[in-house]
Amino acid sequence: MWYLLAASLFFLPFRLRISLGLLVVSLIVAVLNHTLQPVALLVLVVMAAVAFFCFRRKESDVLAKVGEGLLVLSAGALMLHLVPGFTNPIVVAGAQAGPESAPFTFNYNLDKALVPFLLLGCLPGLLKRPATPPRNRLWWLILLLSLPLLLLIATLAGGLRVELHYPEWLGSFMLANLFFVSFAEEALFRGWLQQRLSQRVGNGWGLLAASVLFGLAHAAGGVMLICFATVAGLIYGLAWLWSGRVWVSTLVHFAFNMLHLLFFTYPLWQHPPG
């Protein structure tokens with residue numbers, strides 16, 4: 001089921017009909033294996049109806065705006081796992097990537113993976129918009145080099161340590177992080193939020209505001225994580241702005257997470273007692 005769901009997300013920016021067909025099959029399998037309970041299925045049917053309604057109406061229509069608000073709230077609820085009826089299986093529980101890494105747990109999240117589909121219903125240009133590339137392509141290289149630089153700064157600040165990993169669950173982590181985490185977060189924070197803010201206040205302020213909100217979304221990890229997530233949000237936001245493609249910012253987001261996992265304590269450094 002999870003490979004089908006990942007395939008549906010892979011095709012979403014390029015082949016909508018194939019993507020939706022794979023999504024339907026994924027949801028049927030999810031019902032059969034009890035990952036998706038009846039109450040969640042009912043909620044999804046209502047959300048799908050609102051998404052279809054919004055997709056068929058003009059963007060300037062008042063009812064479409066109301067529908068967009070409902071879909072964004074629904075996407076936020078899915079992102080935060082507030083919708084009942086999803087049984088997201090735990091893939092790794094209390095694992096340590098390395099001896100100095102803090103224990104962590106990750107799931108395959110069906111609810112979070114559905115966020116891009118909902119947001120596409122209220123904003124057809126969610127995944128693709130006109131690019132605003134930098135004048136010099138060298139800025140792309142600088143942007144990519146900023147990924148390891150940010151992790152090294154976090155190390156100097158005492159939040160991380162250099163620690164090489166190749167955990168046995170690496171493949172599962174890559175699948176979950178690329179499709180069920182990075183893509184979902186980029187669709188919400190860059191494809192929808194930054195795009196809507198940019199339409200109102202311009203690209204610069206839209207980039208800054210979306211990045212700050214992305215940082216605040218990591219408030220549970222403390223002030224340091226908020227700061228570093230905000231800077232990471234600026235990097236992802238520039239990748240989206242310059243390319244006009246959510247899949248590009250998703251790959252940059254995923255690359256940052258993989259650098260973190262493979263070469264640094266993950267998700268953070270577990271300070272020794274005393």
Could you walk me through whether F254 and M174 satisfy the side-chain contact (heavy atoms from CB on, under 4.5 Å) test, starting with their C-alpha distance in whole Å, then the side-chain angles of each, then the deciding distance to 0.1 Å, before giving a yes or no?
CA-CA 8 Å; F254 176 67; M174 292 175 67; 4.1 Å; yes

Could you tell me if the ring centre of W247 sits under 6.0 Å from that of F183?
no

Please name the pair of heavy atoms, one in L197 and one in A210, separated by the smallest distance, quoted to 0.1 Å.
CD1-N, 3.9 Å

salt_bridge(K112, E185) N-O dist < 4.0 Å:
yes

A side-chain contact here means heavy atoms from C-beta on lying under 4.5 Å apart; do F264 and V162 qualify?
yes

Is it true that, when you exclude F14 itself, more than 12 heavy atoms of the residues, nucleotides or ligands shown sit nearer than 6.0 Å to its CZ?
yes

To the nearest 0.5 angstrom, please state how far the CG atom of L259 sits from the CG atom of L149.
12.0 Å

Taking all atoms of both residues into account, what is the closest heavy-atom pair of L118 and A75, and its distance?
CD1-N, 4.1 Å

Donor-acceptor check, side chain of T155 to backbone of L151, threshold 3.5 angstrom: yes or no?
yes

Has the side chain of Q194 got a donor or acceptor atom that lies under 3.5 Å from a matching backbone atom of G191?
no

Aromatic ring proximity, centroids under 6.0 angstrom, F179 and F10:
no

State yes or no: do L175 and F104 share one hydrophobic cluster built from I, L, V, M, F, W and Y residues joined by side-chain heavy-atom distances below 4.5 Å, directly or via other members?
yes

Heavy atoms from other residues, nucleotides or ligands near CH2 of W139 exceed 12 (cutoff 6.0 Å)
no

Is a donor on one side and an acceptor on the other found under 3.5 Å between the side chain of T265 and the backbone of R161?
yes

Counting N and O atoms only, with roles assigned by atom type, does the side chain of N107 sit under 3.5 Å from a partner on the main chain of N109, one being a donor and the other an acceptor?
no

Sub-3.5 Å donor-acceptor pair from the side chain of Q96 to the main-chain atoms of S101, do we have one?
yes

Looking only at the aromatic ring of each residue, does the gap between the centers of F106 and F180 stay below 6.0 angstrom?
no

Interatomic distance, NE2@H218 vs CG@L225, rounded to 0.5 Å, equals 6.0 Å

Is the closest side-chain heavy-atom distance between L20 and S8 below 4.5 Å?
no

Between S19 and R15, is there a donor-acceptor pair closer than 3.5 Å when you use the side chain of the first and the backbone of the second?
no

When you group the ILVMFWY residues by side-chain heavy-atom contacts below 4.5 Å and let the links chain together, are L156 and V231 in the same group?
no

Checking L138 against R135 for the side-chain contact (heavy atoms from CB on, under 4.5 Å) test, could you report, in this order, the C-alpha distance in whole Å, the side-chain angles of both residues, the deciding distance, and whether it holds?
CA-CA 9 Å; L138 185 63; R135 294 182 179 180; over 6 Å; no

For V115 and A184 the tightest heavy-atom approach is CG1-O, 4.0 Å

Looking at side-chain heavy atoms only, is the closest gap between L123 and Q195 below 4.5 Å?
yes

Can you tell me how far apart CD1 (I235) and OG1 (T230) are? Round to the nearest 0.5 Å.
11.5 Å

Within-4.5 Å side-chain heavy-atom neighbours: E186 and V252:
no

With a cut-off of under 6.0 Å to the ring centre and 45° to the axis, is R17 in cation-pi contact with F11?
no

So do V223 and C227 actually touch side chain to side chain, heavy atoms under 4.5 Å?
yes

In terms of hydrophobic clustering (I, L, V, M, F, W, Y; side-chain heavy atoms under 4.5 Å; direct or indirect links), are F228 and L152 co-clustered?
yes

CG/L193 to CG/L119 distance, rounded to the nearest 0.5 angstrom?
10.5 Å

Would you find more than 12 non-hydrogen atoms of other residues, nucleotides or ligands less than 6.0 Å from F55 atom CZ?
no

L261 vs L170, side-chain contact (heavy atoms from CB on, under 4.5 Å): CA-CA, chis, key distance, verdict
CA-CA 9 Å; L261 173 65; L170 180 60; 3.6 Å; yes

Tell me whether L22 shares a hydrophobic cluster with V31, the cluster being built from Ile, Leu, Val, Met, Phe, Trp, Tyr side chains joined at under 4.5 Å.
yes

Give the minimum heavy-atom separation between C54 and C122, together with the two atoms involved.
CB-CA, 4.1 Å

Student check: side-chain heavy atoms of P13 and V246 closer than 4.5 Å
no

Without swapping roles, check the side chain of S249 against the backbone of W240 for a donor-acceptor pair under 3.5 Å.
no

Report yes if some heavy atom in the side chain of L110 is under 4.5 Å from a heavy atom in the side chain of L27; otherwise report no.
yes

Using a 3.5 Å distance criterion without hydrogens, assess whether the side chain of S198 forms a donor-acceptor pair with backbone atoms of G206.
no

Please check this pair: side chain of H260 against backbone of P267, looking for a donor-acceptor N/O pair closer than 3.5 Å.
yes

Same cluster (ILVMFWY, side-chain, under 4.5 Å), V181 and F256:
no

Looking only at heavy atoms, the pair that brings T105 and A93 closest together is OG1-CA, 3.4 Å

Residue pair V248, W242: steps toward the side-chain contact (heavy atoms from CB on, under 4.5 Å) verdict
CA-CA 9 Å; V248 173; W242 293 349; over 6 Å; no

As a quick check of understanding, evaluate salt bridge (charged side-chain N to carboxylate O under 4.0 Å, His left out) for E68 and R196, giving each step before the final call.
CA-CA 11 Å; E68 179 173 352; R196 286 306 195 200; 2.9 Å; yes

Quick check: do L9 and L23 have side-chain heavy atoms less than 4.5 Å from each other?
no

Calculate, to the nearest 0.5 Å, the distance between atoms CG and OG belonging to L114 and S26 respectively.
9.0 Å

If you round to the nearest 0.5 Å, how far is OG1 of T35 from CZ of F86?
10.5 Å

Hey, does the side chain of S211 reach the backbone of L234 with a donor-acceptor pair shorter than 3.5 angstrom?
yes

Please give me the minimum heavy-atom distance between A157 and M224, naming the atom from each residue.
O-CE, 3.6 Å

Going by the angle between their ring planes, with limits at 30° and 60°, are F173 and Y266 parallel, tilted or perpendicular?
perpendicular

